[in-house]
Trainee: 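Can you keep this structure in mind? I'll have questions shortly.
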Amino acid sequence: MSQANPSVGPWALWRDRLLKLQSDKPHLVLLGLMLFLAFLAMDPATWFVLTISGMAMGTMLFLMASGMTLTFGLMSVLNLAHGAFISLGAFVGAVMLTGALGVYTVSPSLGWNLLAILPALFAAMAVAGVVGWLFEVIVIKPVYGDHLKQILVTVGGSIVLIQLIEVTWGANEIPVPRPGALRGAFVIEDWVPLIGGLVMEKFRMVALLLGLTVYGLMLWVIDRTRLGILVRAGVENREMVEIQGYRIGLLFLGVFIAGSALAGLGGAMWGMYREIITAHMGEELMISVIVIIILGGLGSIRGCFYGALLVGLINLYIGYIEPRLAAVATVGLMVGVLMWRPQGLIPVIKV
Amino acid sequence: MADQQAVLETRSLTIQFGGHVAVDEVSCAFQAGTLTTIIGPNGAGKTTWFNLISGQLTPSSGQVLLAGEDISNLSTEARTDKGLGRAFQLTNLFPNLSALENVRLAVASRYRIGHVFWQRASLRRDIEDRARHYLDFVRLGHRADTPVSYLPHGDQRKLEVALLMALEPHVFMFDEPTAGMSVDEVPVILDLIANLKKQDDKLILLVEHKMDVVRSLSDRIVVLHHGQLVADGEPAEIIASPVVQEAYLGTSADAPTEEASA
Amino acid sequence: DSIRVAHVSQFSGPLAAYGEQLNVGLRLGFEYATDGTMQIQGRDLELLRKDTQNDPARARALAEEAYAEDDAHIVVGTVASGVALAMLPIAEEYERIMMPEGVADAITGAEWNRYIFRVGRNSSQDAISNAVAIGQPGVCVSTIAQDYAFGRDGVAAYRQAMEAEGGEIVHEEYLPTDATDFTAAAQRLFNSLEGREGCEEGKYIFSIWAGAANPLGRIQDLQPERYGIQLTSGGNILPALVNYADFPGMQGATFYYYELPDNEVNDWFVEQHFEQHNEAPDFFTAQGFAQAMAITAAIEKSGGSTDVEDLIDALRGLDFETPKGRMHIRAEDHQALQAMYHFENVVEERSDWFSDRTVTAGVPHLRGVIDLEDMDIPILNQ
Amino acid sequence: MLQSILSGDLPRSRVLSVALIAILIALALGPFLFPGTRAFATLGMICVFIIVVAAYDLMLGYTHIVSFAHTMFFGIGAYGVALGIGHFGSGFGAIFIGILGALLLSAALALLLGLLSLRVKAIFFALVTLAVAFAFLSVVTQMYHITGGEDGLRVRVPRELGPAFRPLDSVTGFDLFGFLGVLFTQPWNLVDGFRDAFFTVRFTGRTLMYYALFLFAGVIFLFLLRLVNSPFGRVLQAIRENEFRAQALGYRTVLYRTAVVILSALLTTFAGALFALFNRYVNPENTLNFELMIFILLMCVLGGMGTLYGAIIGAVVFVVAQNYLQDVLGALSEAVNVGGFVGSLIEPSHWLLWFGLLFVASVYFFPSGIVGQLRIWARRREVQQAVAERQAESSARERLT
Amino acid sequence: MSEPILTLTGVHADIDQYHILHGIELQVPRGELTVLLGRNGAGKSTTLRTIMGLTKVPRGSVTFNGKEITSWSTSRIARAGIAFVPENMGIFGQLTVRENLVLAGTHGPLDQSRLDWLFDLFPPLKKFWDRPAGNLSGGQKQMLAIARAMVEPRDLLLVDEPTKGLAPAIIDDLATAFEELKAREVSILLVEQNFSFSRRLGQTVAVMNDGQVVHSGTMAELAQDSTLQQDLLGLGLGAHQ
Ligand SMILES: Nc1ncnc2c1ncn2[C@@H]1O[C@H](COP(=O)(O)OP(=O)(O)OP(=O)(O)O)[C@@H](O)[C@H]1O
Ligand SMILES: Nc1ncnc2c1ncn2[C@@H]1O[C@H](COP(=O)(O)OP(=O)(O)OP(=O)(O)O)[C@@H](O)[C@H]1O
Ligand SMILES: [Mg+2]
Ligand SMILES: [Mg+2]
């Protein structure tokens, strides 16, 4: 303990590395810290279950939040109607699962189930995308560049969308059958050390996979294609992008459609998770979505992913330790992170 | 050296952005009643140095002293309070307010009435009169009621100067005041600056790329290059020096010399 | 002079469906009670309808409006407990009858006044009947409920009744009202029951949950049967019962499911409902029906008088028939009481529940009727 | 005189002046012009929201601080009074203590928020406040043994402010809309209509409360009007336009911003307290909800940001629409009576749909708010008139020569 | 001589309710550098913006390469082969220098030899290649803005006051660059206050005042005639140049 000179030797090296890590990769540091603290606070088996479940919950939240951060990051549009698109996705998904594809749903075979799930997810994305298209043209286009008006207009639009959902599908809560193969849980064999005998919900595992896939795809598009640069430039100065010869209107429209479709996808998944859906379901998620996208750094896909993981985890950990504090803990986490990093964990947009 | 205390002084002032040292150990002192021009290639660190002095940026190391007092840790506002005035290189005004209102804000700051909330601002004739005075000073009297965003670029530059004047500081810092101003307007602004110089207690710092302007106005020229202070002295001597010729005026140097010789 | 009944409930926004069901039930009930004449004791019946938008302030204003401007004799209130509670003082101010629908104990408890009559069940009734349904010595139960008055009251009543039956409450779990992820809670519930001694007659997790995201499904996913734990819960609206398909064999108690009660009124009600709406009547439709039956019975008892004191006298101790069976309004706290239905859940495919789709659902099958005498429903307004 | 009361900031549009005068009369004589409890409640809510929206506009319109935590302060005021009365009984002392406590808490929270806004900027700040407001809401809901949770608290106002107190008996009112209705639909019954339009006003403690509310709204509005037209107000504008430059001019923008946030929070808290006293019931839905926040924002933008008069216009238009749109739809769907999808669209239960559409449309059609738009029109007319005059003059001169 | 690459006939322009241009008549000969002069507020910048389709044109017509482009959208005009360096530079501060240039190359990857030429002209671009453009100095931003317009071959360059804020050495290089562009048959319309710079490069010249073109002719003619200069430009100071 009694190091003669702390500024040399391996200690200093490690401290420097840690400091660097802290400033370069705050998201990883935070994630690690949270996992570690939780590990101290509970027994390993519980910790394991909560961690896996929390991550899965996180990726599901990511599916829902990614669309919003995408539209914000790429076109600086703050779409508070995002929640309505989530609901829309959930309803379309539910209708597909109960109606046209009902038969496949009931069968316990994974193959048949997939025949039901995949079209349902695609339909949710497609319908949300198409509605997003109309929404962009009618509601959003006139208010590009003005966040305040966007907030107002999208809240108004959100009310309208939710009412239209109610007009179409009625104001009742609608049950969503979860396909047979996705019910229940995997049980880890008892002979596995430490975590033997634990269970993990199947649905969450699927959500985890889907979330990771979407994450990978989005990163690829943003990092490897010109699209990313282009739309970011458009946010800063539309006029200049047009002066370079690009049709920015089309570009933004495309991004918005993508964002809406992602909301639809997330909504369909969330509907299957909850098994009962209402038109207001998406709205109720908006706070989590907002916390996630600020936490990660508005507009950052990577940040959104880590933000979602953090929120998913803290909800479960705190939920285990003291459930009343879950909501406050989430917001507390966000405020704390922002005091540390005012632009979020992985900032892309300077304000 | 100690015969007169410097009004403004920077000591080993340094700032780094990432690995890039934009201002590198710059030490320099300025006396009252002088006009110093700072020249140097684009990106030499002139504006950054200004930002460090006026408080828009905090130095990585080194100090800024105003009348012997260390102001390195003061905010921009506090420095302005102490008489440090600054005009910006890229126009930086209140775009939706009228030209007059812009100047009036500066005057109100100078007379420290910003906190008054019980009076009607429009009844403060004294403030308005001063504001009009400065507006006329830069020949913008006829544009008093035009919102700034409607003013052409050159007029905005003039307004920038008017705001600085209205603050009535001890130290004036101009960052390329005449850039984009039409040729017939330039002399007006230059006269204005020259008149300031006549008031003994004022200190004027000027960043300028137009060499004829530099030569006719300056008492002293400071040259920055790669963030470092590379030359400091009488105008004629500096302009003739090979460092400046090479780094700043360009090797071919025919256009500037043409100007210079005319 | 006509009899004016104002239905002040939410017909738009989140709980609109319930308001609508109540209204349908109310109309059907009056149709039945008056043989389609819509007259009681020769007086015309006028049914007004006002939308609270689930906003308590607006609800209060509307109740005032109903009493002051429409001169309504009776205001039938809303299912949202909070809104219902907010409306109660208005009845006192205007000295007119109000019949709220919310289940909060406080309505006929702490916040009660003498103009308040509740035809619906209260949350203790729900909880107690559920305890009675499964309670016996050797039963261990852990509860999960929402963390607010409704949940806490319910669990307290449940605990009392359960202990009276000889069962044991092992652990109480409370979650925020809007919780959607129950993994952590399930983990703790399992921990509380796993390996516990003295639970020969069964280990149960009991949930009292209002709103859409019921925790039972999520808990079931984590396979409680591995620890020999069963689930138990009260009845629910039909859309929620669809998800009960995941819990075959689950037992509990409910105040209504249209195939459980066996009486004439219910037969007529179910038949008419299918005829008019082409789908099964739900929870709140029956509730609205009962409401109408109570009003009609009271006015008949008062001989057609709608004077407030006459109505209060008539309603106190009133017995009347409803689809849920015979009901009785207690004189002490104006709370109506009914027998409850002990059910067991059977998974079936049903095409008749909803007009537009076939569902696989958990259908409550009757195990027994829990009579009034079997339940000790506390009087809370003293 | 008028100049100095209105701090020289006149309506600057004839239509607006007329509307404002009409609103002033309607609010001042309201209980005697519009019978019925709903109308009474509507009048009260208009006064409450005039304070709230004007205070919010000070932040939003004049300083460009977008905060969604405003309802938090409103709620603190409302709950402060409710809890004060709950603990110390229905007296004015209890109300005073409640308000005082609420103001202190609000000031502290506003200070924190102001400090937060230093570190976290612009849209980040806006969204953070949204989440903070949500957390506050969730805390209030969860502390149900103190706050009553979602069920809220009843406010037992002192007798002097309640319905039982009757300082005056039988005052006569004149039902303006009833009379106008007769005038337009059955002019032949004018005399009867005129006679029927008189009604008896129950002048109770609640009416007193309303007038207290009205008075406070008026005074606070005029105070704010003076504030924004003072040198202080000008600095706020400067901060809104370009904070960076305002700093460079020597203004300590931190202080100004924090002062504005605190002042606005305090006024809103006070409005919340008045709301609790007038409404006699508080719950999270009514005082802390995000929806309420958006409504405040909408009133502000609809009326015209950065024009305090917008607060009045916005509050009136919005509160009236919120309270009566459903009735209009009801009448409409009865009159039209079509079935199917279209029919269900105009069902009164879907009034929110139309409300949402109005919401969106109002942002489009009044991009600078109603007041802003009226002023633009007024100025355009002035210019046209000036041009026309000049033409007339010149043509007259031509004719002379 | 061939027909002009750009012709403005009787062009009026409005900004909001203000009428700014009153019937501009202007021709830019193909392959030449035309200088547009005038005092502050004469309407020079507005003229350039109007050509790019950025202001409303209630009357008049703009013809480019024989095609009427008056009512085209800005992006279409740009794709037709016009590059524009606006007065405020309009660089994307959030993007890196590289990304700024990548975007300017609308036809796929950038041509390396052309890039090298630009790096030669404006060395800081190379130095700050992967840094956010918002952090550049005033002059460096100006360089980037100009480079962006030259990164691909275009038929016509509209440049608004390129020399403001540039050090003399760079101005010199810029002049050389314009010479080279001219040699490559690129036509240039240049708005410039720096008379010595424009006199050196300009072949034709137009002088604006109050939203109208009040004089047009060759540069040689104007450069000789100091009374004309005095008249049109008020070159009190410039006269001694
Ligand atoms: N957005 C605007 N709204 C109203 N008027 C404007 C606007 N922009 C410019 N103007 C007016 O148009 C006229 C011409 O402006 P323009 O910018 O074209 O001048 P300029 O010749 O480029 O001047 P400078 O040399 O100063 O850049 C000016 O009188 C200016 O006031
Ligand atoms: N915030 C910043 N982050 C990173 N680099 C910066 C930042 N600000 C300035 N620089 C860099 O510092 C150097 C000095 O810039 P500065 O603006 O001081 O130049 P300047 O001498 O004023 O040049 P000019 O004559 O072009 O205005 C430039 O290379 C610039 O890229
Ligand atoms: Mg500079
Ligand atoms: Mg210009």
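Here is how names work: the chains are called A, B, and so on, in the same order as the sequence lines, proteins then strands, and each is numbered from 1.
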Trainee: Where on D:Val66 is there a heavy atom nearer than 4.5 Å to chain A: the side chain, the backbone, both, or neither?
Mentor: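 Answer is side chain: those atoms of D:Val66 sit under 4.5 Å from chain A.
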Trainee: Which residue out of A:Leu325, A:Ile162, A:Val160 racks up the most heavy-atom pairs below 4.5 Å with chain D?
Mentor: A:Val160
Trainee: With a 4.5 angstrom heavy-atom cut-off, which part of D:Leu60 approaches chain A: side chain, backbone, both or neither?
Mentor: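 Side chain only.
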Trainee: What option among A:Val155, A:Val328, A:Leu78 has the most heavy-atom pairs under 4.5 Å with chain D?
Mentor: A:Val155
Trainee: Which region of A:Ile287, side chain (C-beta onward) or backbone (N, CA, C, O), has a non-hydrogen atom less than 4.5 Å from a non-hydrogen atom of chain D, or is it both or neither?
Mentor: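 Contact with chain D: side chain only.
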Trainee: Under a 4.5 Å heavy-atom cut-off, does chain D meet the side chain of A:Leu80, its backbone, both or neither?
Mentor: side chain
Trainee: So, do D:Phe68 and D:Val132 sit near enough that their side-chain heavy atoms are less than 4.5 Å apart?
Mentor: no
Trainee: Applying the ring-ring contact (aromatic ring centres under 6.0 Å, His included) test to D:Phe318, which of D:Phe355, D:Tyr324, D:Phe49 qualifies?
Mentor: D:Phe355
Trainee: Given that the side chain runs from C-beta out, which part of A:Val335 has a heavy atom under 4.5 Å from chain D: side chain, backbone, both or neither?
Mentor: side chain
Trainee: Heavy-atom pairs under 4.5 Å with chain A are the metric here; pick the option from D:Ala361, D:Pro367, D:Ala126, D:Ser362 that has the most.
Mentor: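 Looking at each of D:Ala361, D:Pro367, D:Ala126, D:Ser362 in turn, D:Pro367 comes out on top.
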Trainee: Identify which part of D:Phe290 has an atom lying under 4.5 Å from any heavy atom of chain A, answering side chain, backbone, both or neither.
Mentor: side chain
Trainee: Most heavy-atom pairs under 4.5 angstrom with chain A, which of D:Leu116, D:Leu358, D:Ile294?
Mentor: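 So the answer, after comparing D:Leu116, D:Leu358, D:Ile294, is D:Ile294.
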Trainee: What part of A:Leu161 is in contact with chain D, defined as an atom under 4.5 angstrom from a non-hydrogen atom: side chain, backbone, both or neither?
Mentor: neither
Trainee: Check whether more than 12 heavy atoms from other residues, nucleotides or ligands sit under 6.0 Å from atom CZ of A:Arg302, and answer yes or no.
Mentor: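 No - once you tally the heavy atoms of other residues, nucleotides and ligands closer than 6.0 Å, there are 12 at most.
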Trainee: Is there a donor-acceptor pair under 3.5 Å between the side chain of D:Thr63 and the backbone N or O of D:Leu58?
Mentor: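 It does hold such a pair.
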Trainee: Between A:Ile290 and chain D, which part of the residue has a heavy atom less than 4.5 Å away: side chain, backbone, both or neither?
Mentor: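 A:Ile290 touches chain D through side-chain heavy atoms alone.
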Trainee: Grab the two heavy atoms, one from A:Arg341 and one from A:Leu345, that are nearest each other, plus how far apart they are.
Mentor: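 Scanning both residues completely, I find the closest heavy atoms to be CD-O, 4.5 Å.
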Trainee: Can you say whether A:Met339 sits under 4.5 Å from chain D via the side chain, the backbone, both, or neither, judging by heavy atoms?
Mentor: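 Looking at A:Met339, backbone and side chain both touch chain D.
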Trainee: Starting from the C-alpha separation in whole Å, work towards a yes-or-no answer on ring-ring contact (aromatic ring centres under 6.0 Å, His included) for A:His82 and A:Phe72.
Mentor: CA-CA 11 Å; A:His82 195 74; A:Phe72 190 91; over 10 Å; no
Trainee: So A:Phe135 and A:Phe85, would you call those rings parallel, tilted or perpendicular, with 30° and 60° as cut-offs?
Mentor: perpendicular
Trainee: Should D:Leu332 and D:Leu329 count as side-chain neighbours, where that means a heavy-atom distance under 4.5 Å?
Mentor: yes
Trainee: For A:Lys149, does the NZ atom have more than 12 heavy-atom neighbours from other residues, nucleotides or ligands under 6.0 Å away?
Mentor: yes
